[in-house]
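Shown next, in structure tokens, is the structure this report addresses.
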Amino acid sequence: MVGSSGVAQRLGACVLAAVSFAGPARIAGAQTNWDRYLPGTLAAIIEKHDSTIRAESAGKGLSFHLTGDQFPTRARVTYKGESRPVDSTRLEVIRRWGLAFRRDSSIASDFHREYLFQEGRKLLWLPVQDTVASFFTRELKPGQPVTLYVMWLGAYYRAGAVEWAFIVNEFSTQPVPRSF
């Protein structure tokens, strides 16, 4: 039979072990989360989905398209140094995506400005998380290459044009490592 002091000692040891392992587990989870962003291009995502969105939207005025596969991508782009308030319809895509896939539209409140980037010849206005954008003025200069951690949430179609709703969750000034 185990006395109450033995039970207390084992319980204390279990609590200490749980606290000791919780920190590394959270860190490993965070690293894994960023690891899911694979090297790629936004142009490849656009090319893959453009014709489907156009076909589904034919004859409609404004239509929204949301995706459950966000294609988390590390894309190498050029920072152009310009920003503006997030396009209201693009912000609506973000809000609808949050409601559809997270049951919470508050994700839209994390994005107030979109920034201009260039990938190849294509210019893209991309909403950037407010906390991430707060580092742009200190760490980025117009014309500087930057690696963006981007997710694709969907798009909207209006008057024959597809507007893409990517969001930027992080950035790095280091090149994207490529595996060959």
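Just so you know, these numbers use all the heavy atoms, side chains as well, and skip hydrogens, waters and symmetry mates. Here the structure is a predicted model, which is why all the values come from computation and not from measurement.
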*Between Y157 and L62, does a side chain to side chain contact (heavy atoms under 4.5 Å, CB included) hold up when you go through it step by step?*
CA-CA 6 Å; Y157 177 90; L62 173 64; over 6 Å; no
*Within the distance-only criterion (no hydrogens, no angle test), does the side chain of S109 pair as donor or acceptor with the backbone N or O of S106 below 3.5 angstrom?*
yes
*Expected output: side-chain E139 to main-chain T137 donor-acceptor under 3.5 Å*: no
Of all heavy-atom pairs between [X] and [Y], which one has the smallest distance, and what is that distance?
X	Y	answer
E119	A75	OE2-CB, 4.0 Å
G81	P142	CA-CG, 4.0 Å
F71	T73	O-OG1, 2.6 Å
I107	G98	CG2-CA, 3.9 Å
Q70	G68	NE2-O, 2.7 Å
I53	A155	CD1-CB, 3.8 Å

Does a donor on one side chain sit under 3.5 Å from an acceptor on the other, for [X] and [Y]?
X	Y	value
T147	R76	yes
D110	Q129	no
H65	T67	no
D87	Y156	yes

*Using the ring of each side chain (for Trp, its six-membered ring), is W152 parallel, tilted or perpendicular to F166, with breaks at 30° and 60°?*
tilted
_Parallel, tilted or perpendicular: rings of F117 and F136 (30°, 60°)_ = perpendicular
_Check: W125 and V86 side chains under 4.5 Å, non-hydrogen atoms_ = no
_Result of checking L126, V77, V146 against V168 for side chain to side chain contact (heavy atoms under 4.5 Å, CB included)_ = L126
*From the options L66, L153, L99, select the one residue that forms a side chain to side chain contact (heavy atoms under 4.5 Å, CB included) with I94.*
L153
*Please walk me through it: do L124 and I46 pass side chain to side chain contact (heavy atoms under 4.5 Å, CB included)?*
CA-CA 11 Å; L124 298 160; I46 291 169; 4.2 Å; yes
*Under the salt bridge (charged side-chain N to carboxylate O under 4.0 Å, His left out) rule, collect the residues that match up with E92, sequence neighbours excluded.*
R95, R96
*Please step through side chain to side chain contact (heavy atoms under 4.5 Å, CB included) for the pair R90 and F111, ending with a clear verdict.*
CA-CA 10 Å; R90 191 174 352 262; F111 298 89; over 6 Å; no
*Do the charged groups of R158 and E163 touch, with an N to O distance under 4.0 Å?*
no
*Determine whether the aromatic ring centres of W34 and Y149 lie less than 6.0 Å apart.*
yes
*Please say whether more than 12 non-hydrogen atoms of neighbouring residues, nucleotides or ligands are located less than 6.0 Å from CZ in R84.*
yes
*Would E82 and Y115 count as a side chain to side chain contact (heavy atoms under 4.5 Å, CB included) if you check the C-alpha gap in whole Å, the side-chain angles of each, and the deciding distance to 0.1 Å?*
CA-CA 6 Å; E82 297 178 41; Y115 292 78; over 6 Å; no
